**Student:** 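The following block contains the structure, expressed as structure tokens.
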Amino acid sequence: MSVDWNHLRFFLVLARAKTLTNAARLIGVEHSTVARRIQALEQALGTQLFKREATGYELTLEGIALVPRVEQMEQAFLQIEKTHHPVQGHVRIGTPEGFGTAFLAKLIAEFLQQYPLLSIDLIPVPKMIKLSHREADIVISIDRPKSGPYIITRLSDYKLKIYASSAYLAKHPPINDLQDLTQHRFVNYIDDLVYSAELYCLERLPLQLTANFRSSSILAQQIAVSAGTGLAILPKFLADDKPELEEVLSDEVSFTHTFWMMTFVELQQEPRIKLVWDYLRKQADEQQALLMGDA
């Protein structure tokens, strides 16, 4: 029995999106259509590709083996499409400051070398970019909107830990348990400028801790910690490549947050938006180890 390419395309989207609902939103169909396509593909191949778990659709061993083969087909298709119908236009992406600067900027620069007729505005700022105000075409946020005419996908989880510079740790009392943190200085956000409750990490520790350096910028916080100002809770993708920084209480203190990606329903199938959306989705999948600090 021959295999329909569209079945394979649905397979790849579900493998990345993890749930029928997210896959359906990405493709622009009903979730029942995704389920039918997957069922037809499994029947054509004579094997089960997904198993249903509490977290969504997880790949079987056969499904895992199929992914790279379908991705090769996808890349070949995109190359043909790019050659004969080059994507052009303008896309504006709004992101949290640290993620946009430390993670996305380099990837987008590489992406644009493949698509010279495309232009991208990257807005990495320490505030919430509002899709509802049309401030961007694609928004990556640590808060998931409760409602709206949006396509929303879970882009990636990322991990945060406590960090300090080696120079700071050498000059201050040792840290062996949580209580020892009370003897140290901290770097944190400015209370009245915190744009998301997710950023209140230091406040979740069961201690009375105060910060003597505050900034609305996570990049400024990282620089201050690297300079020896004190300790701070930082994303691992921002801190792990800084040789002067060390994790503190790495087995005891850890936070996991989520990046959500969204765009308007009417924009998602526009070639320029879809191309950038799929690229960001793919990069987040491929670089999970970096974002979770397992690289």
Side-chain angles (χ1 to χ4, degrees), residues 12-13 15-19 22 26 55-56 58-59 64 67-68 71-72 74-75 91 93-114 120 122-126 129 138-144 152-166 187 196 198-199 201 217-226 231-262 275-295:
L12 203 54
V13 173
R16 293 167 178 168
K18 304 298 185 185
T19 69
N22 283 343
L26 288 171
T55 54
E58 298 294 333
L59 290 165
I64 292 171
V67 167
E71 286 182 335
Q72 288 180 354
E74 178 189 46
Q75 288 305 311
V91 179
I93 306 169
T95 77
E97 181 195 31
F99 184 67
T101 302
F103 183 79
L104 281 186
K106 181 176 182 292
L107 295 174
I108 290 175
E110 294 171 352
F111 175 71
L112 286 174
Q113 293 178 27
Q114 304 175 53
I120 293 178
L122 179 63
I123 314 172
V125 291
I129 296 292
I138 296 173
V139 167
I140 297 170
S141 171
I142 57 176
D143 288 324
R144 190 188 193 282
I152 304 170
T153 187
R154 187 191 194 102
L155 184 63
S156 174
D157 289 341
Y158 68 101
K159 191 155 291 199
L160 305 94
K161 295 273 192 174
I162 300 178
Y163 288 88
S165 71
S166 301
V187 175
S196 169
E198 288 292 312
L199 300 177
C201 292
S217 165
I218 190 66
L219 296 179
Q221 291 181 37
Q222 177 264 303
I223 291 170
V225 174
S226 291
L231 290 74
I233 297 173
L234 301 171
K236 287 182 69 65
F237 67 80
L238 181 61
D240 277 356
D241 66 343
K242 306 296 186 297
E244 72 277 8
L245 293 182
E246 297 182 24
E247 284 187 22
V248 174
L249 299 179
S250 58
D251 294 332
E252 297 181 46
V253 182
S254 177
F255 298 89
T256 300
H257 292 170
T258 299
F259 286 126
W260 300 93
M261 184 165 67
M262 63 207 79
L275 183 68
V276 174
W277 177 282
D278 289 347
Y279 176 75
L280 295 178
R281 170 77 269 172
K282 183 172 184 290
Q283 290 300 318
D285 286 346
E286 290 181 353
Q287 306 211 36
Q288 270 291 299
L290 173 64
L291 293 168
M292 292 298 290
D294 300 325

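Please read all numbers here as calculations on a predicted model, not as lab measurements. Reckoned from all heavy atoms, side chains included, excluding hydrogens, waters and symmetry mates.
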**Student:** Under 4.5 Å between any side-chain heavy atoms of Ile142 and Phe259, yes or no?
**Tutor:**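 Yes, close enough: below the 4.5 Å cut-off.
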**Student:** State which residues pass ring-ring contact (aromatic ring centres under 6.0 Å, His included) with Phe111; sequence neighbours excluded, sorted by chain then number.
**Tutor:**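 By the ring-ring contact (aromatic ring centres under 6.0 Å, His included) rule, Phe111 matches Tyr115, Tyr279.
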**Student:** Determine whether Glu244 and Ser166 make a side-chain contact, defined as any pair of heavy atoms from C-beta on separated by less than 4.5 Å.
**Tutor:**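 No. Closest side-chain heavy atoms not under 4.5 Å.
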**Student:** Applying side-chain hydrogen bond (donor to acceptor under 3.5 Å, both in side chains), name anything that partners Gln287, two or more places apart in sequence or on another chain.
**Tutor:**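 With neighbours one apart ignored, the set is Gln283.
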**Student:** Going by side chain to side chain contact (heavy atoms under 4.5 Å, CB included), name the residues that satisfy it together with Ile223, two or more places apart in sequence or in a different chain.
**Tutor:**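 Side chain to side chain contact (heavy atoms under 4.5 Å, CB included) list for Ile223, sorted by chain: empty.
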**Student:** Restricting to ring-ring contact (aromatic ring centres under 6.0 Å, His included), what partner residues turn up for Phe103, sequence neighbours left out?
**Tutor:**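 ring-ring contact (aromatic ring centres under 6.0 Å, His included) list for Phe103, sorted by chain: Phe99.
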**Student:** Determine whether Val125 and Glu97 make a side-chain contact, defined as any pair of heavy atoms from C-beta on separated by less than 4.5 Å.
**Tutor:**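 A side-chain contact is absent here, since even the closest heavy-atom pair is not under 4.5 Å.
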**Student:** Can Ile140 and Leu280 be said to form a side chain to side chain contact (heavy atoms under 4.5 Å, CB included), step by step?
**Tutor:** CA-CA 10 Å; Ile140 297 170; Leu280 295 178; 4.3 Å; yes
**Student:** Glu58: which residues meet the salt bridge (Lys or Arg N to Asp or Glu O under 4.0 Å) condition with it, sequence neighbours left out?
**Tutor:**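 Residues passing salt bridge (Lys or Arg N to Asp or Glu O under 4.0 Å) with Glu58: none at all.
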**Student:** Only counting residues at least two apart or in another chain, list the ones meeting side-chain hydrogen bond (donor to acceptor under 3.5 Å, both in side chains) with Asn22.
**Tutor:**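 Checked Asn22 against side-chain hydrogen bond (donor to acceptor under 3.5 Å, both in side chains); matches are Thr19.
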**Student:** Please find the pair of heavy atoms, one from Ala102 and one from Leu238, that lie closest to each other, and give the distance.
**Tutor:**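 Nearest pair, atom of Ala102 first, then Leu238: CB-CD1, 3.7 Å.
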**Student:** I want to check something: taking the side chain as every heavy atom from C-beta on, are Ile218 and Pro235 in contact at a cut-off of under 4.5 Å?
**Tutor:**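 Ile218 reaches Pro235 side chain to side chain.
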**Student:** Under the side-chain hydrogen bond (donor to acceptor under 3.5 Å, both in side chains) test, which residues partner Thr258, sequence neighbours left out?
**Tutor:**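 By the side-chain hydrogen bond (donor to acceptor under 3.5 Å, both in side chains) rule, Thr258 matches Arg154, Asp157.
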**Student:** Once salt bridge (Lys or Arg N to Asp or Glu O under 4.0 Å) is applied, do any residues pair with Lys282, and if so which ones, sequence neighbours excluded?
**Tutor:**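 Result, salt bridge (Lys or Arg N to Asp or Glu O under 4.0 Å) vs Lys282: Glu286.
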**Student:** Closest heavy-atom contact between Leu160 and His257?
**Tutor:**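 Reported closest heavy-atom pair: CD1-ND1, 3.5 Å.
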**Student:** Report the distance from atom CG of Leu291 to atom CG of Asp285, rounding to the nearest 0.5 Å.
**Tutor:**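 It is 10.0 Å, given to the nearest 0.5 Å.
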**Student:** Of the non-hydrogen atoms in Pro126 and Ser217, which two are nearest, and what is the gap between them?
**Tutor:**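 Pro126 and Ser217 have their closest heavy atoms at CB-CA, 4.3 Å.
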**Student:** Looking at every heavy atom in both Gly100 and Thr95, which two are closest together, and how far apart are they?
**Tutor:**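 Smallest heavy-atom distance, with atoms named: CA-OG1, 3.1 Å.
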**Student:** Begin from the C-alpha positions of Glu74 and Arg16 and carry the test salt bridge (Lys or Arg N to Asp or Glu O under 4.0 Å) through to its verdict.
**Tutor:** CA-CA 13 Å; Glu74 178 189 46; Arg16 293 167 178 168; 2.9 Å; yes
**Student:** Using the side chain to side chain contact (heavy atoms under 4.5 Å, CB included) criterion, which residues pair with Ala239? Sequence neighbours excluded.
**Tutor:**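 With neighbours one apart ignored, the set is Tyr163, Leu234, Leu245.
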**Student:** Is any side-chain heavy atom of Val67 closer than 4.5 Å to a side-chain heavy atom of Leu12?
**Tutor:**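 They are in side-chain contact.
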**Student:** Please report the closest heavy-atom contact between Ser196 and Asp143, naming both atoms and the distance.
**Tutor:**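 Distance-wise, the nearest heavy atoms are OG-OD2, 2.8 Å.
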**Student:** In chain order, what residues pass the salt bridge (Lys or Arg N to Asp or Glu O under 4.0 Å) check against Glu246, with sequence neighbours excluded?
**Tutor:**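 Here no residue qualifies.
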**Student:** Grab the two heavy atoms, one from Ile120 and one from Val276, that are nearest each other, plus how far apart they are.
**Tutor:**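 The answer is CD1-CG2, 4.1 Å.
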**Student:** Working note: Ile129 + Ile93, criterion side chain to side chain contact (heavy atoms under 4.5 Å, CB included); need CA distance, chi angles, decisive distance, verdict.
**Tutor:** CA-CA 9 Å; Ile129 296 292; Ile93 306 169; over 6 Å; no
**Student:** With side chain to side chain contact (heavy atoms under 4.5 Å, CB included) as the criterion, how do Thr256 and Met292 come out once you've worked through the C-alpha distance, each side chain's angles and the decisive distance to 0.1 Å?
**Tutor:** CA-CA 8 Å; Thr256 300; Met292 292 298 290; 4.3 Å; yes
**Student:** With sequence neighbours excluded, tell me which residues meet salt bridge (Lys or Arg N to Asp or Glu O under 4.0 Å) with Lys236.
**Tutor:**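 If we apply the salt bridge (Lys or Arg N to Asp or Glu O under 4.0 Å) test to Lys236, skipping adjacent residues, the hits are Asp240, Glu247.
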**Student:** Please identify each residue that fulfils side-chain hydrogen bond (donor to acceptor under 3.5 Å, both in side chains) with Glu198, with sequence neighbours left out.
**Tutor:**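 Checked Glu198 against side-chain hydrogen bond (donor to acceptor under 3.5 Å, both in side chains); zero matches.
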